[in-house]
2 protein chains.
Amino acid sequence: MAVSARRGAPLSLDEIRSTALRLIDEGGVEGLSMRKLAAELDVNPMSLYHHVASKEALLARICETITVRLPLPPDDDTPWEEQLRALALSYHRHAQQHPAMWSYVHNHPEFVEDRQLPLWQALYRILRASGVPEEELRRTSEVLHAFVSGFVFAETRGHVTGAPEEIEHTFDIALDMIINGLAAR
Amino acid sequence: MAVSARRGAPLSLDEIRSTALRLIDEGGVEGLSMRKLAAELDVNPMSLYHHVASKEALLARICETITVRLPLPPDDDTPWEEQLRALALSYHRHAQQHPAMWSYVHNHPEFVEDRQLPLWQALYRILRASGVPEEELRRTSEVLHAFVSGFVFAETRGHVTGAPEEIEHTFDIALDMIINGLAAR
DNA sequence: ACCTGAACACCGTTCAAGT
DNA sequence: ACCTGAACACCGTTCAAGT
């Protein structure tokens, strides 16, 4: 039987992951170290490596979990403009909840590039509804994602100025530009 | 007189800066360490701190120099659409020359947020020509910058797929969307 | 004025050993 | 099976000492 030096339950991947996300929310990704995480879990640093191959692998796991949690607009018959807006707003809101982790995702798009992810499937569906031809879906979705995540990232970094309502308004303007640009295609 | 352990000329800020930029071009910002930089300059790591307050301060200096080097479209009477396109293309080309450093700038927009910088002055001028009212200049320029640098960053991170010509085409589409979105305002 | 060596307080991770 | 301690190869930076 494993001897836990700290409490009854043994260390679990889930516990590692959620504690790491909390520390990241509090102090940024650069503030997370395997040693601090272990201390927070009241465990030897090396114990973590029994559940996770490396720090990078742990961050990849966290990327997965927050990406999967992103709420998506329902597939109903509301106009595509509204659905696209809803998707972008959901992304925005979710990023504001975990800004440091979304910055990390933004810096490591490889963790989110799988086109089978619900995020991309939803975006494809909405773009099809807007009239984007099948062979342009990939390209157009890449552009839109770059725009939205670029904006959200800039906001996270304090590069969008003004009071909160003003920033909200700026985000609306950004969305209008995207939607107008798509419609004028 | 200072005793240089390595050669005739004493260490200079310029030499530190250009060598650091070269190392960053070769191995990314995360591949740069003060110790490696010192080794490359054939100098004791601590000598660097006589010319630069910290690693962060050095990176800030490098941000400045590459930002200033960005070529800007001339202030002539070509249509605003063309000038905006030229500015974005210049940004794009310049970022491709120093991708790692531009990624760093993207992650640290505070080094580039001074509105007196030629980059912003040029963008303001072009947006005025496009009919954006004075009180919307800041907001609109923030959105455009977020879009363009978001796209360029995604490309740098390999998140825009396809052969080089195809990526070029995707960038064109992105610019069309921005210009159409602006024109439809 | 400019440079240096030793030292401090951190990292991520390997490896052999414990239960 | 799970956990640990010591150790390795790195960091950025402070500080006192050299010329």
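Throughout, protein chains are lettered first and strands after them, A, B, ... in sequence-line order, and every chain is numbered starting at 1.
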**Student:** Quick check for you: to the nearest 0.5 Å, what is the distance between B:Y49 atom OH and B:S54 atom OG?
**Tutor:**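 Those atoms lie 7.0 Å apart.
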
**Student:** Atom CG of B:N44 to atom P of D:dT19: distance rounded to whole Å?
**Tutor:**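 Rounded to whole Å, this separation is 15 Å.
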
**Student:** Salt bridge or not for A:E64 and A:R61, using N-O below 4.0 Å?
**Tutor:**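 The answer is no: the pair does not qualify as a salt bridge.
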
**Student:** Between B:E15 (CD) and C:dC2 (C1'), how many Å, whole number?
**Tutor:**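 B:E15 atom CD is separated from C:dC2 atom C1' by 14 Å.
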
**Student:** With a 4.5 Å heavy-atom cut-off, do A:F147 and B:I178 have their side chains touching?
**Tutor:**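 Yes. Closest side-chain heavy atoms under 4.5 Å.
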
**Student:** Below 4.0 angstrom, N of the basic side chain to O of the carboxylate: do A:R22 and A:D25 qualify?
**Tutor:**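 No, A:R22 and A:D25 are not salt-bridged.
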
**Student:** Rounding to an integer number of Å, can you tell me how far A:L48 CG sits from D:dT4 C1'?
**Tutor:**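 So the two atoms are 12 Å apart, to the nearest Å.
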
**Student:** State whether A:D176 and A:R85 are salt-bridged, where the test is any N-O pair (Lys NZ or Arg NE/NH1/NH2 against Asp/Glu carboxylate O) under 4.0 Å.
**Tutor:**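 Salt bridge: yes.
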
**Student:** Would you say A:S47 reaches D:dT4's phosphate, i.e. side-chain N/O to OP1/OP2 under 4.0 Å?
**Tutor:**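 The answer is yes; a side-chain N or O of A:S47 sits under 4.0 Å from OP1 or OP2.
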
**Student:** Applying ring pair (Phe, Tyr, Trp, His ring centres under 6.0 Å), name anything that partners A:F171, two or more places apart in sequence or on another chain.
**Tutor:**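 Once residues adjacent in sequence are excluded, the partners of A:F171 under the ring pair (Phe, Tyr, Trp, His ring centres under 6.0 Å) criterion are A:H92, A:F151.
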
**Student:** Please report, rounded to the nearest Å, how far the P atom of D:dA1 is from the CG atom of A:L13.
**Tutor:**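 Nearest whole value for this atom pair: 18 Å.
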
**Student:** Any side-chain N or O of B:H51 below 4.0 angstrom from OP1/OP2 of C:dC3?
**Tutor:**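 True: B:H51 side-chain N/O within range (under 4.0 Å) of C:dC3 OP1/OP2.
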
**Student:** If you round to the nearest 0.5 Å, how far is NE2 of B:H159 from NE2 of A:H108?
**Tutor:**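 Nearest 0.5 Å value for the NE2-NE2 distance: 13.0 Å.
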
**Student:** In this structure, which stretches of DNA chain C are paired as stems of three or more consecutive Watson-Crick or G-U pairs, both distances less than 3.5 Å?
**Tutor:**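 Only these stems qualify: C:4-8 with D:12-16, C:12-16 with D:4-8.
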
**Student:** For every nucleotide of nucleotides 8-15 of chain C, 5' to 3': is a protein heavy atom under 4.0 Å from its base (B), only from its sugar-phosphate (S), or from neither (-)?
**Tutor:** ---BBBB-

**Student:** Run the salt-bridge test on B:E40 and B:K36 with the 4.0 Å N-O cut-off and return the result as yes or no.
**Tutor:**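 Salt bridge between B:E40 and B:K36, a charged N being under 4.0 Å from a carboxylate O: no.
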
**Student:** When the distance from CG of B:L41 to P of C:dT4 is rounded to whole Å, what number comes out?
**Tutor:**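 About 11 Å, once rounded to whole Å.
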
